[in-house]
Engineer: 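Okay, here's the structure, questions in a sec.
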Amino acid sequence: MADEGCAALVEQFEQLVARVDGGQIKIELLERLLAKVNMLAERHGRDVQDFASTFLGVAVSGDKFLGAHVGDGVIGYLKDGDLRVISAPDNSEFTNQTTFVTSHGAAGSMRLFRGSLQGVTGFILMSDGAGDSLFNARTRQLAAACEKLIVAVGSAPARLSQNSKHKKQWRKFIDIRVRNATKDDCSIGVFGRSVAS
Amino acid sequence: MALNIGADDLVENPTPRVPVALCLDTSGSMMGDNIRELVKGVNLFYDAIDEDDDAHDAAEVSIVEFNSAVSLIQDFASIERLNRIDAIDATGGTALGEGVNLALDTLEKRKSTYSNAGVLYYQPWLVLMTDGKPNGRPDELERAVHRVTELVAQKKLTVFPIGIGADADMNVLARFSPNRLPLRLQGLSFKEFFEWLSKSVSRVSRSTPGDTVKLDLEGLAGWAEL
């Protein structure tokens with residue numbers, strides 16, 4: 001699902017970022033995601049609802065970015081030195097309920113966004129489990145750690161060995177600190193880049 | 001660059017809550033073994049929640065009693081703030097509608113408190129237990145039925161109507177629960193019921209979006225998933 005959604009954002013980036021019909025874009029993205037879900041369900045002989053999932057994706061190209069978000073989890077970015085939330089969790093009223101790409105009304109719930117990369121150091125995307133450590137549900141703000149994660153990715157060497165110190169530090173952080181702080185699934189995606197001063 | 005993240009760089013969100021409202025008949029007909037066993041059952045419920053790692057942090061319980069009048073004998077509180085009950089006096093009539101309305105009002109206030117404090121919560125539960133027929137104000141009963149069934153239809157409330165003994169009016173209880181039949185406690189099986197309830201709270205408190213919480217229904221036939 002993540003691969004399919006990201007592929008859709010990347011392959012059609014130039015077209016999507018220029019279009020004004022956001023509502024239609026949401027429908028098209030969902031149709032592509034649902035086609036993937038249907039194919040998976042058929043292949044495994046399961047119900048479509050068994051493959052219900054949320055989706056968070058951001059793509060960058062040139063001096064622009066775009067992204068889409070359905071369901072819970074958080075997408076944020078670091079711009080001009082400030083951590084900002086782009087898209088917060090959609091949990092309805094109750095914590096164990098959210099909108100999935102397979103839900104009725106998923107298009108209405110999808111958040112679609114785009115913007116200039118001017119001043120943007122990077123993005124962070126996280127599932128609810130990672131959000132337990134990295135997103136304050138009361139203030140709706142990202143934890144300070146998010147800035148460090150984005151900066152660390154942006155300044156990491158372009159080539160890393162399998163067991164580099166950098167990767168070990170990340171594994172330790174995610175596998176121990178983030179994972180142990182939640183009973184929920186943990187996924188996290190970080191995009192970082194160096195910004196010319 | 002070293003990934004130097006300290007505790008201050010992370011947030012610690014409060015555990016999402018499972019609010020459980022107990023709405024209990026303490027009318028005169030409950031006098032004797034019924035009320036004693038009910039009190040024992042509630043205390044056992046507290047103990048079971050206390051001993052369960054997940055339910056301990058998540059469950060918040062309130063108790064409304066109804067007889068000829070209604071009162072909130074325990075506002076919503078986590079297990080560490082819940083006082084064990086020594087005894088409850090059983091007396092008077094059965095103002096069931098008024099009791100349910102007070103339980104729902106208390107629940108609404110608690111949900112506002114959660115929202116204002118940024119505390120996430122699960123779908124609330126209402127456990128309604130009675131051994132007789134309602135004889136409070138008919139308009140209050142109708143209002144209570146309407147409120148509960150609306151909330152259930154909107155998936156904003158899970159209701160467990162429980163009849164105690166042979167004289168409980170199961171038809172009235174069924175009106176509160178369009179999706180599943182009310183349960184009649186056979187004999188004085190409060191203990192089993194409250195054990196089941198605490199286990200169910202624990203299961204729900206471990207659930208995440210997309211989970212269908214299957215409850216352990218052995219011995220509680222006819223009950224469906226939440």
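Letters go in sequence order (proteins before strands), and every chain restarts at 1.
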Engineer: Begin with the C-alpha distance, continue with both residues' side-chain angles, and end with the deciding distance and a verdict on salt bridge (charged side-chain N to carboxylate O under 4.0 Å, His left out) for B:Glu37 and B:Lys40.
Structural biologist: CA-CA 5 Å; B:Glu37 292 301 316; B:Lys40 267 195 218 171; 3.4 Å; yes
Engineer: What parts of residues 5-21 of chain B touch chain A if we use heavy atoms and a cut-off under 4.5 Å?
Structural biologist: B:Ile5, B:Gly6, B:Ala7, B:Asp9, B:Leu10, B:Val11, B:Asn13, B:Pro16
Engineer: For A:Ala52, is it the side chain, the backbone, both, or neither that has a heavy atom closer than 4.5 Å to a heavy atom of chain B?
Structural biologist: neither
Engineer: Distance only, no hydrogens: is a donor on one side chain within 3.5 Å (strictly under) of an acceptor on the other, for B:Glu65 and B:Ser71?
Structural biologist: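 Their side chains do contain a donor-acceptor pair, which is all the 3.5 Å distance test asks for.
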Engineer: Which answer fits B:Asn4, side chain, backbone, both or neither, if we ask what part of it has an atom under 4.5 Å from a heavy atom of chain A?
Structural biologist: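 Backbone only.
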Engineer: Where on A:Arg177 is there a heavy atom nearer than 4.5 Å to chain B: the side chain, the backbone, both, or neither?
Structural biologist: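 When you check distances to chain B, only side chain atoms of A:Arg177 fall under 4.5 Å.
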Engineer: So, do B:Trp196 and B:Phe45 have ring centers that fall under 6.0 Å from each other?
Structural biologist: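 Aromatic pair excluded; centres sit 6.0 Å or further apart.
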Engineer: Below 6.0 angstrom between ring centroids: does that apply to A:Tyr77 and A:Phe123?
Structural biologist: yes
Engineer: Non-hydrogen atoms of chain A under 4.5 Å away: do they reach the side chain of B:Lys156, the backbone, both or neither?
Structural biologist: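 For B:Lys156, the contact with chain A is made by backbone and side chain together.
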Engineer: Looking just at side-chain N and O atoms, do B:Glu60 and B:Tyr114 make a donor-acceptor pair shorter than 3.5 Å?
Structural biologist: yes
Engineer: Within the 4.5 Å heavy-atom criterion, are A:Val58 and A:Ile75 side-chain neighbours or not?
Structural biologist: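 Yes. Closest side-chain heavy atoms under 4.5 Å.
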Engineer: Is it the case that A:Gln118 and A:Asp63 place a side-chain donor and acceptor less than 3.5 Å from each other?
Structural biologist: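 On atom types as modelled, these side chains do not qualify, holding no pair under 3.5 Å.
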Engineer: Is a salt bridge present between A:Glu4 and A:Arg32, judged by a nitrogen-to-oxygen distance below 4.0 Å?
Structural biologist: yes
